[in-house]
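Structure first, then comments.
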Amino acid sequence: MFALVDCNNFYVSCERVFNGKIHHKPVVVLSNNDGCVIARSNEAKALGIKMGALAFENEDFFTKNNVEVFSSNYALYGDMSDRVMKTIAEMVPDMEVYSIDEAFIDFHHMPYEDLEALAQKIRQRVKQYTGIPVSIGIAPTKTLAKVANRYTKKYLPHIGVYQIDSDHDAEKALVNTSVEDIWGVGYKYAKMLNEHNIYNALELTYAKEEWIRQKMHVVGVRMLHELQGTICYNLDNEPSPKKGICVSRSFGQSQKDVKVITEAVATFAARCGEKLRKQQSCAHIVHVFLYTNRHRQDQPQYFNSKVLQLPTSTNSSIEIIRYALRGLELIFKSGYSYKKAGVMISGIVPENQVQIDLFDTRKREIDTKAMKALDELNRRMGRDTVKIAVQGFGRDWHLRQERKSRCYTTRWQEILEVEAWG
DNA sequence: TCTGGGGTCCTAGGACCC
DNA sequence: TCTGGGGTCCTAGGACCC
């Protein structure tokens, strides 16, 4: 058996842990730049606020309905996620952190009859230790555990656990799951399945394997088997190193100034270097891109990107920045209002398997030492305590985050203070 | 000049996930 | 003024190898 633990309305729940005033009220969390809704409380869902709803279009609606609106606070959510995952890890033999708010558990070696009770214990302890409510689905495959989890949230929120333990349990959950809610079915496949009169997960399990293979390829066949109870995906408890790394942002305000955009791109490149070093990899392809705001019909549009090959794979921020800025120089055209830029890194190899260049003259040991010192200082003293000069200090390009909550758990200056009268 | 049978690597595009 | 930011896997086709 597998279980899927999923935090309820995770970002909203994180905000609620530190803010007693927003319990039982409609709450939404917005994407970067306060663009659109990416998390909703149950009360907000009940008001009909959709995932992805545009913030600027709904300003009046939010005010009229007393909706509490937050900018996203990833420092808080990331730290809360760590706490939830650590709490679960202490209670089970083997788990996989699947996303910021989800974890799979392998119950392979657990006494069978105890699973539901154990799941309830996990729920209680996570709530007690972190303040975050979770729901748990238990089933013979990961895909069915996802189905069970969704079923709990929708139909048994007060219980919070659903176990698929028989054909009857499975059918009950599957018939109540629309195809678009199945793990692995997105917008396109849902449309295609509906056109062939397949509307729920149970109907899908009756489909012919060859037909699925033709329409949805092997990934679809695996999904079919998983829904039928045959394991195709096992627990993946050792995250493999990333094959591509991307850091990009929309600017809070459109930017024309090459200096500001240079600082932004340098910062993105530095962040790529950090991520590479964190997973002990090096890379030799740097890809820079630059956009104007495609939603503005009234402004001239420009998009360009440049891919640069490095002679030797590196994870030095200094070197990655140098190439990224060379790329930027080649694509930047003045006169446009830029909205977004980014740096992508690929051609990633483990740092101990770097093919060195016979004619390389760069003193790599110096960079390596410098990066190590920089990472250590930033780890101890906070991000960007030490940075490369070209990243600048202005951050004129930074995100719009007008309604961000405090970093309650990651910054001493922002920790909650409690006053008591005796 | 054309023929056969076996491969690999790379890229672009399309689907999906959170 | 205002529209997020990351990732994965699979397939088909082309270039190339012996």
Side-chain angles (χ1 to χ4, degrees), chain A residues 4-7 9-11 28-39 50-60 62 69-74 77-78 81 96-104 142-143 146 149-150 179-193 212-223 226 232-233 236 239-255 268 271-272 275 279 285 287 289 291-299 305 307 309 337 339-348 398-404:
Chain A
L4 176 68
V5 184
D6 193 318
C7 302
N9 311 329
F10 182 56
Y11 297 169
V28 299
V29 176
L30 303 180
S31 64
N32 273 341
N33 271 317
D34 295 347
C36 59
V37 172
I38 55 168
K50 295 271 180 288
M51 197 71 171
L54 299 178
F56 77 94
E57 276 182 5
N58 288 286
E59 207 69 45
D60 292 343
F62 291 158
V69 182
F70 290 87
S71 304
S72 28
N73 182 347
Y74 285 100
Y77 311 149
S81 173
E96 168 189 346
V97 177
Y98 177 67
S99 73
I100 195 164
D101 72 332
E102 287 170 87
F104 284 105
K142 282 180 156 184
T143 307
K146 278 264 195 187
N149 188 293
R150 238 194 118 270
V179 285
E180 64 264 28
D181 294 324
I182 301 170
W183 192 37
V185 176
Y187 172 76
K188 293 272 171 109
Y189 284 154
K191 196 159 164 263
M192 183 278 291
L193 291 167
I212 294 286
R213 188 184 302 277
Q214 188 200 328
K215 295 285 186 187
M216 303 170 75
H217 316 284
V218 297
V219 183
V221 173
R222 281 179 205 147
M223 180 191 67
E226 284 249 320
C232 298
Y233 300 108
D236 179 12
S240 38
K242 307 241 175 296
K243 294 168 184 168
I245 287 172
C246 175
V247 178
S248 75
R249 291 288 181 281
S250 298
F251 305 136
Q253 275 167 347
S254 293
Q255 296 294 337
F268 303 156
R271 209 69 83 211
C272 284
K275 290 185 181 185
Q279 66 164 33
I285 297 169
H287 185 165
F289 59 88
Y291 285 62
T292 49
N293 187 344
R294 64 180 196 282
H295 302 290
R296 290 287 301 268
Q297 309 295 329
D298 56 325
Q299 289 179 351
S305 71
V307 180
Q309 297 270 349
S337 275
K339 185 59 185 168
K340 181 171 180 173
V343 176
M344 285 159 68
I345 299 289
S346 52
I348 295 178
H398 64 45
L399 294 173
R400 201 154 46 108
Q401 291 184 309
E402 282 166 7
R403 294 179 267 208
K404 201 173 105 177

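Only this structure's heavy atoms are used, side chains among them; waters, hydrogens and symmetry mates stay out. Chain identifiers are assigned alphabetically (A, B, ...) following the order of the sequence lines, protein sequences preceding nucleic acid strands; residue numbering begins at 1 within each chain. Fair warning: this is a prediction, and the values are worked out from it, not measured in the lab.
The CG atom of A/Asp6 sits 6.5 Å away from atom NZ of A/Lys146, with the distance rounded to the nearest 0.5 Å. One distance of note links NZ of A/Lys275 with SG of A/Cys246; it measures 7.5 Å at 0.5 Å rounding. Residue A/Lys404 holds its NZ atom at 9.0 Å from CG of A/Leu399, rounded to the nearest 0.5 Å. Rounding to the nearest 0.5 angstrom, the gap separating the OG atom in A/Ser305 from the CE atom in A/Met344 is 8.5 Å. Taking CD of A/Glu402 as the start and CG of A/Leu30 as the end, the distance is 10.0 Å to the nearest 0.5 Å. Interatomic distance, A/Ser337 OG to A/Asn293 CG, rounded to the nearest 0.5 Å: 9.0 Å.
When heavy atoms are screened at a 4.0 angstrom cut-off, A/Ile245 is found touching the sugar-phosphate backbone but no base atom.
Taking the six-membered ring where the residue is Trp, A/Phe104 and A/Tyr98 present perpendicular rings, their angle passing 60° and hence far from 30°.
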Report each atom pair, protein N/O against N/O of nucleotides 3-5 of chain C, whose distance is under 3.5 angstrom.
unit_1	atom_1	unit_2	atom_2	d
C/dT3	OP1	A/Lys339	NZ	3.2
C/dG4	O4'	A/Ser31	OG	3.1
C/dG5	OP1	A/Ser250	N	2.6
C/dG5	OP2	A/Ser250	OG	3.2
C/dG5	OP2	A/Lys340	NZ	3.2
C/dG5	O3'	A/Arg249	NH1	3.2

Just the table, please: protein N/O against nucleotides 8-12 of chain C N/O, every pair under 3.5 Å.
unit_1	atom_1	unit_2	atom_2	d
C/dT8	OP1	A/Lys243	N	3.4
C/dC9	OP2	A/Lys243	NZ	2.9
C/dC10	OP1	A/Arg222	NH1	2.8
C/dC10	OP1	A/Arg222	NH2	3.1

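The 5' end of DNA chain C is approached more closely, in terms of each residue's nearest nucleotide, by A/Ser254 than by the other of A/Lys275 and A/Ser254.
Atom CZ of A/Arg271 is separated from atom C1' of C/dG6 by 14 Å (rounded to the nearest Å).
The side chain to side chain contact (heavy atoms under 4.5 Å, CB included) test applied to A/Met216 returns A/Val185, A/Tyr189, A/Met192, A/Leu193, A/Ile212, A/Met223, not counting sequence neighbours. Every residue two or more places apart in sequence or in another chain was checked for a side chain to side chain donor-acceptor pair (under 3.5 Å) with A/Gln255, and none qualifies.
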With the sugar-phosphate defined as primed atoms, P, OP1 and OP2, and the base as all remaining atoms, what B/S/- string results for nucleotides 13-18 of chain B, 5' to 3', for protein heavy atoms under 4.0 Å? --SSSS
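Residues A/Glu59 and A/Arg403 are paired through a salt bridge, judged by an N-O separation under 4.0 Å between the basic side chain and the carboxylate. Salt bridge annotation for A/Lys142-A/Glu96: present, with a cationic side-chain nitrogen under 4.0 angstrom from a carboxylate oxygen.
Helical stems in DNA chain B, defined as runs of 3 or more consecutive Watson-Crick or G-U wobble pairs with both donor-acceptor distances under 3.5 Å, are listed by first residue as B:5-18 with C:5-18.
Side-chain atoms of A/Tyr11 and A/Ile100, non-hydrogen and from C-beta on, do get closer than 4.5 Å to each other. The shortest side-chain heavy-atom distance between A/Lys340 and A/Ser248 falls under the 4.5 Å cut-off.
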